[in-house]
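Structure record follows, encoded as structure tokens.
Below, chains carry the letters A, B, ... as their sequence lines are ordered, and counting in each starts from 1.
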2 protein chains.
Amino acid sequence: MTNDCPPHDYLLDAQVGFLLRRATQRHLTIFAALIPGLTPTQFAALAKLCELGPTTQNALGRATAMDAATIKGVIDRLRDKGLIATTRDAEDRRRLFVEATPAGTEAFGAARTKALEISAETLAPLSAFEQATFLDLLTRLT
Amino acid sequence: MTNDCPPHDYLLDAQVGFLLRRATQRHLTIFAALIPGLTPTQFAALAKLCELGPTTQNALGRATAMDAATIKGVIDRLRDKGLIATTRDAEDRRRLFVEATPAGTEAFGAARTKALEISAETLAPLSAFEQATFLDLLTRLT
DNA sequence: CAAAATCCATTTGCATACGAACAAGTTCCG
DNA sequence: CGGAACTTGTTCGTATGCAAATGGATTTTG
């Protein structure tokens, strides 16, 4: 068969980029249902902050794979919610010191269990063995 | 050891949502390097339009997993680039008819090979067998 | 037929994301 | 010491992505 259009052997629905976007969308839906008050990005920053302890803004961004412009907005919104506090570092006056407030630590503690449920529900279509395989392969694509 | 903080058994770097975000970031970097003139979303809409043929705005959005608000912006930008054209449907005056222009069809034809390279490079860290496994599992998480 | 429900597109608001450019502070090195 | 190089945070512009509200058009249903 002749065809005057470009070949149709490119099927969007089979491309890894499209599938990643769809899987991310589904995960986002699950996340919003179980943790309504925080976005995945905000929770990631808060969780990493509780995991690492006090740090600086850009360092927290690097630890959570956010660039400087992105982490700034996340920090601003978490501060607006009263979950973190920022102070200028006296030793290096460029640095913005970031730490979790008591409310932030408590919020993380409360959301932590939900977050584990979110991960479980996201992976629920797969068997336990498949989940482990998937996470292993996905880790190697980062 | 006692611990006054929430348990540290939540490790951000092991959660599927975080890994999905990182993998998407890496894919985006590869995409931007090989197809500088289009975003993944714009290319997805253009590719699906060439795959399906002329359709309506919302239908194209559903076919590419974009909601009405998102597909509108994508359509606007593709039209600004001259790659697609829109017309009001005479039969159903709500509908916005969308079709690829000759320039759009040509742009898709030119980018199609690059897009396949992007998928290949994104999956490059995995063996051929692992790639097939990963795509199968990822498909089931959408 | 008329009301209700549905669908289509648009708009607004909010929240990521990244590139680029910038100012200010710090460190490195000649 | 002093300029170059780097780091840190900020701002701007562009582009998704979703929720919610709106207005207009069409279809379904009582």
[atom2] on [Y] to [atom1] on [X], rounded to 0.5 Å:
X: A:Thr55; Y: A:Leu60; atom1: OG1; atom2: CG; result: 6.5 Å
X: B:Ile84; Y: B:Phe97; atom1: CD1; atom2: CZ; result: 12.0 Å
X: A:Thr101; Y: A:Leu83; atom1: OG1; atom2: CG; result: 5.5 Å
X: B:Ile75; Y: B:Gln57; atom1: CD1; atom2: CD; result: 5.5 Å
X: A:Lys72; Y: A:Met66; atom1: NZ; atom2: CE; result: 14.5 Å
X: A:Arg95; Y: A:Asn58; atom1: CZ; atom2: CG; result: 9.5 Å

Starting from [atom2] on [N], measure out to [atom1] on [X] and report it in whole angstrom.
X: B:Asp67; N: D:dA15; atom1: CG; atom2: P; answer: 17 Å
X: A:Phe18; N: D:dT16; atom1: CZ; atom2: P; answer: 14 Å
X: B:Phe31; N: D:dT16; atom1: CZ; atom2: P; answer: 10 Å
X: B:Met66; N: D:dA19; atom1: CE; atom2: P; answer: 16 Å
X: B:Ile75; N: C:dT10; atom1: CD1; atom2: P; answer: 10 Å
X: A:Ile71; N: C:dA15; atom1: CD1; atom2: C1'; answer: 13 Å
X: B:Leu28; N: D:dG17; atom1: CG; atom2: C1'; answer: 14 Å
X: B:Leu20; N: C:dA17; atom1: CG; atom2: C1'; answer: 16 Å

Handout entry: Angle between terminal axes - the helix from C:dC1-D:dG30 to C:dG30-D:dC1, 5 pairs each end, rounded to 10°
Key =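 Between the first-five-pair axis and the last-five-pair axis there is 10°.
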
Practice task
Report yes or no: does A:Arg26 contribute a side-chain atom to a donor-acceptor pair with the main-chain N or O of A:Thr122 at less than 3.5 Å?
Solution key: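 Answer holds: yes.
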
Handout entry: side chain to side chain donor-acceptor pair (under 3.5 Å) pairs, two or more places apart, involving residues 27-41 of chain A
Key =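 Applying side chain to side chain donor-acceptor pair (under 3.5 Å) to every pair that reaches into residues 27-41 of chain A, excluding sequence neighbours, yields nothing.
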
Exercise for the section: Could you identify which residues of residues 39-48 of chain B place a heavy atom less than 4.0 Å from some atom of DNA chain C, listed by residue number, or say none? Expected result: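 Heavy-atom contacts with DNA chain C come from no residue of residues 39-48 of chain B; none.
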
Problem - First of A:Thr29 and B:Lys81 reached from the 5' end of DNA chain D, by closest nucleotide - result: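 Nearest nucleotide further toward 5': that of B:Lys81.
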
Problem - Where at least one partner belongs to residues 41-73 of chain B, residue pairs that pass ring-ring contact (aromatic ring centres under 6.0 Å, His included), sequence neighbours excluded - result: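 Only A:Tyr10-B:Phe43, B:Phe43-B:Phe108 qualify under ring-ring contact (aromatic ring centres under 6.0 Å, His included).
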
Handout entry: Side-chain hydrophobic cluster, 4.5 Å single linkage: members besides A:Val16
Key =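 Same cluster as A:Val16: A:Leu19, A:Leu20, A:Leu123, A:Leu126, A:Phe134, A:Leu135, A:Leu137, A:Leu138, A:Leu141, B:Val16, B:Leu19, B:Leu20, B:Leu123, B:Leu126, B:Phe134, B:Leu135, B:Leu137, B:Leu138, B:Leu141.
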
Handout entry: N/O (side chain, A:Gln25) to phosphate O (OP1/OP2, D:dC18) under 4.0 Å
Key =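 Yes, within the criterion.
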
Practice task
Establish, with yes or no, whether the OP1 or OP2 oxygen of C:dA17 is under 4.0 angstrom from a side-chain nitrogen or oxygen of B:Arg21.
Solution key: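 Answer is yes, contact under 4.0 Å.
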
Completion exercise
Counting primed atoms, P, OP1 and OP2 as sugar-phosphate and everything else as base, the B/S/- map of nucleotides 3-14 of chain D against protein heavy atoms under 4.0 Å is ----BSBBB---

Exercise for the section: Is it possible for you to say whether B:Leu38 and B:Leu34 belong to one hydrophobic cluster, with membership spreading through side-chain heavy-atom contacts below 4.5 Å? Expected result: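 Shared cluster, yes.
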
